[in-house]
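Worksheet for the structure shown next.
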There are 2 protein chains.
Amino acid sequence: MNLKQLSQHLKLSQTTVSRALNGYPEVSENTRSRVLKAAQDLNYRPNIRAKGLATGRALAIGHVIPVSTQHEMVNPVFGDFIAGAGESYAKAGYDMMLTLVPDQEEARTYQDIRSRGTVDGIIVHGPVINDERIALLSRIGLPFVVHGRSTDVNLPYSWIDVNNRGAFERGTQFLIELGHRRIALLNGLEHMDFAFRRRKGYETALRNNGLSVDASLMRSEEMTEVYGYRAAREMLARSETPTAFVCSSIITAIGVRRAIHDAGLVLARDVSIITHDDALSYLQNGDDVPIFTALRSSVRYAGREAAEMLLSLIAVPKSAPKTRLLEADLIIGRSTGPAAT
Amino acid sequence: MNLKQLSQHLKLSQTTVSRALNGYPEVSENTRSRVLKAAQDLNYRPNIRAKGLATGRALAIGHVIPVSTQHEMVNPVFGDFIAGAGESYAKAGYDMMLTLVPDQEEARTYQDIRSRGTVDGIIVHGPVINDERIALLSRIGLPFVVHGRSTDVNLPYSWIDVNNRGAFERGTQFLIELGHRRIALLNGLEHMDFAFRRRKGYETALRNNGLSVDASLMRSEEMTEVYGYRAAREMLARSETPTAFVCSSIITAIGVRRAIHDAGLVLARDVSIITHDDALSYLQNGDDVPIFTALRSSVRYAGREAAEMLLSLIAVPKSAPKTRLLEADLIIGRSTGPAAT
DNA sequence: CGCACAATTCAAAGCGCTTTGGAACCGGTC
DNA sequence: GACCGGTTCCAAAGCGCTTTGAATTGTGCG
């Protein structure tokens, strides 16, 4: 069933039917309702490719996920983020398009996306420090919103991000106030912008309290369980052990907890953990009482908001970049306590 | 830069340029290389919408993710699955389209997808027992591959699945051979087909060994950490505690481990755990020595294969359904030991 | 009743590509 | 020199939709 058939069936022109369907004013209410009814009955759906060709809009948003050949990891945050974004798209009648990009081919790929005309805008995931994609996309002129920010990029661009620095400063401060002095940081890979900012926050809190920044208490790796376990195990075997850990991911925190148990220590009493928590639906941090004391910020919410920002950017062509900084909540769970003396 | 401009630039007709670009034989090698060079230099990319309109193919595959309004959970497996599928699509020049479908609107949505013509085929995620979508899609005539199967559906259809039943039978058998008699099952929601099959496997192993199936040792819920924790905690507080747990997810297994620790027991010595492991990139089950004894099957690999099955289904129009059963590996980790006597 | 003007409706062009059905050209053959 | 088959190229139609510009119908008023 296409427009032509539908209009023949109704004995109207394609023009009129098209207008009736798309809510243009120059068609009488009478015919409009006739058309809508027929469309409903005959199960008519406009062909989106043809529509796109005619209007020049794709009615789709692209999500570009960098796939590093070195670290094969799929960002666990991704599922929840697109679930959030998907809600916004569904409401607006947009489709969501996914592209996996091997990191060597980035420049080419964005050009491709632009000229193939499959999407009206894109969401950029996983920004690194001084991310080249931002300049590239600005140059190309494809609307985009970054999930995160990129330190050292000076162009104006649209982004939505958690206040990573503030959150980690706050979390570290919280531990210091509990009497902790040797606080370890198990961070993500620090070429990633979010991880870089988190370290800054952690260091700021230490310095503000006259504590020295000890490189031997800092790690930066892909945030797996095993990473948390290994790092904590090694640190807890020293003569001077850390009394608290700040983790960039709940998964890493789980590894740390395992190391603590293995060492015969008790969480919160002997060693404290505070972690960032993206509020992932399948990795919830307990329920009424959180397992881990955490800096929580829903990535699903971020997805929803990012999508809406992008859609409004697309709706108003030459609009100025939008930015949005989300604050993480510090929620107290069962993983922190006063420093053992 | 479009075809018309390119052909004018080359002083050739659009026909010839199009043919040269798409590798048709009726164009001399000479002009072909001229065309290719010009396309390269001028950075020409065919508009995919126009191409789709003209050929009737969308060059895109849809992934439809059911979003239940009750359980807000995003399947954690999803990220890895599409990472795998994405690899296959990239090679074949296909795009990947995501659609989130609230479960009430399923029927309408698939119809929509079909008639909007955005995709050439779809991958069906999260099949339940007697899943209606399979009949629906067969009727509509849209090529599809199910990730999983659906018990009680009698039509032929294409699927790729892990041998869930066999795996859980084997895992349970393994525990029985270690001397365990009271073995708990912490399963996923059992209207999901995979969970249903896993229970069957578990029960089969018990029966084969003359053990009774004890409903009080079986749970069926969304596979979170807290679920594992709660269920294990409750069971371990009984007078007759289970000596081993079979879990449907590594996340749940982590919760069980926490409960074991909290109860002052030691994993493997006092209580054993065996779990299904989807080999998720961000939730790896240890490295050299796995943390959990597990039934492992890479969901990323499944994604890659599912995509390839679907592409070949699309390439050969009336082809018969393809099916593929993957076997899970039983890998021995540090979470199992002989039953405490 | 006839006219101006608004309210409806329509035919046709165009979006960028593929593909059909020929046309033009080439060297070789009788 | 006419003819032929093969090679190389082209004009034009068509995919399903939107949108421009024009035609048709309806309405109010002098």
Side-chain angles (χ1 to χ4, degrees), chain A residues 1-36 38-39 42-60 93-95 111-120, chain B residues 1-36 38-39 42-60 93-95 111-120:
Chain A
M1 171 59 55
N2 59 26
L3 227 213
K4 190 170 180 184
Q5 297 170 327
L6 180 61
S7 59
Q8 283 171 349
H9 174 90
L10 283 162
K11 301 209 194 313
L12 286 172
S13 74
Q14 291 191 39
T15 313
T16 307
V17 176
S18 168
R19 285 191 167 143
L21 254 23
N22 293 307
Y24 281 74
E26 53 270 81
V27 50
S28 70
E29 272 319 310
N30 214 326
T31 40
R32 186 190 304 281
S33 59
R34 252 184 78 217
V35 170
L36 288 177
L42 298 175
N43 224 328
Y44 167 77
R45 299 276 185 296
N47 179 306
I48 207 140
R49 270 181 268 121
K51 195 163 181 164
L53 230 206
T55 58
R57 298 185 315 147
L59 288 180
Y94 271 68
D95 283 328
Q111 276 288 5
D112 255 50
I113 288 180
R114 168 65 167 166
S115 41
R116 288 168 30 122
T118 25
V119 300
D120 295 323
Chain B
M1 172 57 57
N2 59 28
L3 227 212
K4 191 171 180 182
Q5 297 170 327
L6 179 62
S7 59
Q8 282 170 350
H9 174 91
L10 283 162
K11 302 208 193 309
L12 286 172
S13 74
Q14 291 192 37
T15 313
T16 307
V17 176
S18 168
R19 284 190 166 144
L21 256 21
N22 292 307
Y24 281 73
E26 51 272 81
V27 51
S28 71
E29 271 321 308
N30 217 326
T31 39
R32 185 190 305 282
S33 58
R34 254 184 76 218
V35 171
L36 287 177
L42 298 175
N43 223 330
Y44 167 77
R45 299 275 186 295
N47 179 306
I48 208 143
R49 270 181 270 122
K51 194 163 182 164
L53 231 207
T55 56
R57 298 184 317 145
L59 288 180
Y94 272 69
D95 284 327
Q111 277 287 5
D112 256 50
I113 290 180
R114 168 63 167 171
S115 38
R116 288 167 32 124
T118 27
V119 300
D120 295 325

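Lettering of chains follows the sequences in order, A, B, ..., and the numbering in each one begins at 1.
Here B:Y24 does not reach the OP1 or OP2 of C:dT20: none of its side-chain N or O atoms lies under 4.0 Å away. Taking side-chain N and O atoms only, A:T15 has no distance below 4.0 Å to OP1 or OP2 of C:dC10.
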Please list each protein N or O that sits under 3.5 Å from an N or O in nucleotides 5-9 of chain D, with the distance.
{"unit_1": "D:dC9", "atom_1": "OP2", "unit_2": "B:T31", "atom_2": "OG1", "d": "2.9"}

So which protein nitrogen or oxygen atoms get under 3.5 Å of nucleotides 25-28 of chain C's nitrogens or oxygens?
none

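Proximity of A:V27 to A:V35: side-chain heavy atoms (C-beta onward) are nowhere separated by under 4.5 Å. Taking 4.5 Å as the limit, some side-chain heavy atom of B:Y94 sits within range of a side-chain heavy atom of B:R57. Taking the side chain as every heavy atom from C-beta outward, A:L59 and B:R116 never approach each other to under 4.5 Å. Here the side chains of B:L10 and B:T16 are not in contact, with every heavy-atom distance at 4.5 Å or above. Proximity of A:Q5 to A:L42: side-chain heavy atoms (C-beta onward) are nowhere separated by under 4.5 Å.
A:R116 places its CZ atom 21 Å from the P atom of C:dC15, with the value rounded to the nearest Å. One can place CD of A:Q14 at 10 Å from P of D:dG16, the figure rounded to the nearest angstrom. Between the C1' atom of C:dC17 and the CE atom of B:M1 lies a distance of 15 Å, rounded to the nearest Å. In this entry the distance linking CD of A:Q8 with C1' of C:dA11 reads 14 Å, nearest Å. Atom-to-atom, NZ of B:K4 to P of D:dA11 comes out at 12 Å; the value is rounded to the nearest Å.
Taking a 6.0 Å sphere around CZ of A:R45, one finds it holds more than 12 heavy atoms contributed by other residues, nucleotides or ligands.
You'll find that the side chain of B:N2 is closest to C:dG16, out of D:dC17, C:dT19, C:dG16. Taking only side-chain atoms of A:N22, from C-beta outward, the nucleotide of D:dT20, D:dC10, D:dT18 with the closest atom is D:dT18.
Each salt bridge (charged side-chain N to carboxylate O under 4.0 Å, His left out) pair with one or both residues in residues 3-28 of chain B, not counting sequence neighbours, would appear here, but there are none.
B:Y44 approaches B:N2 most closely through the heavy-atom pair CE1-C, 3.6 Å. A pairwise comparison of heavy atoms in A:G117 and A:A58 identifies O-CB, 3.7 Å as the closest pair. B:T118 and B:A60 make their closest contact through O-CB, 3.6 Å (heavy atoms, listed as atom of the first residue, atom of the second, distance).
For residues 47-59 of chain B, proximity to DNA chain D is found at B:L53, B:A54, defined as any non-hydrogen atom under 4.0 angstrom from a strand atom.
The line from CZ of A:R32 to CD of A:E29 is 5.0 Å long, rounded to the nearest 0.5 Å.
Each end of the helix from C:dC1-D:dG30 to C:dC30-D:dG1 gets its own axis from five base pairs, and the two axes differ in direction by 70°, given to 10 degrees.
Of the residues near DNA chain D, B:V17 and A:L3, the one whose nearest nucleotide (by heavy atom distance) lies more toward the 5' end is B:V17.
Judged by distance alone, with hydrogens and angles left aside, the side-chain atoms of A:S18 form no donor-acceptor pair with the main-chain N or O of A:Q14 at under 3.5 Å. Judged purely by atom type and a 3.5 angstrom limit, B:R49 has no side-chain atom pairing as donor or acceptor with the backbone of A:R49.
For the side-chain contact (heavy atoms from CB on, under 4.5 Å) test, residues two or more places apart in sequence or in another chain that qualify with B:A50 are A:L53, B:N47.
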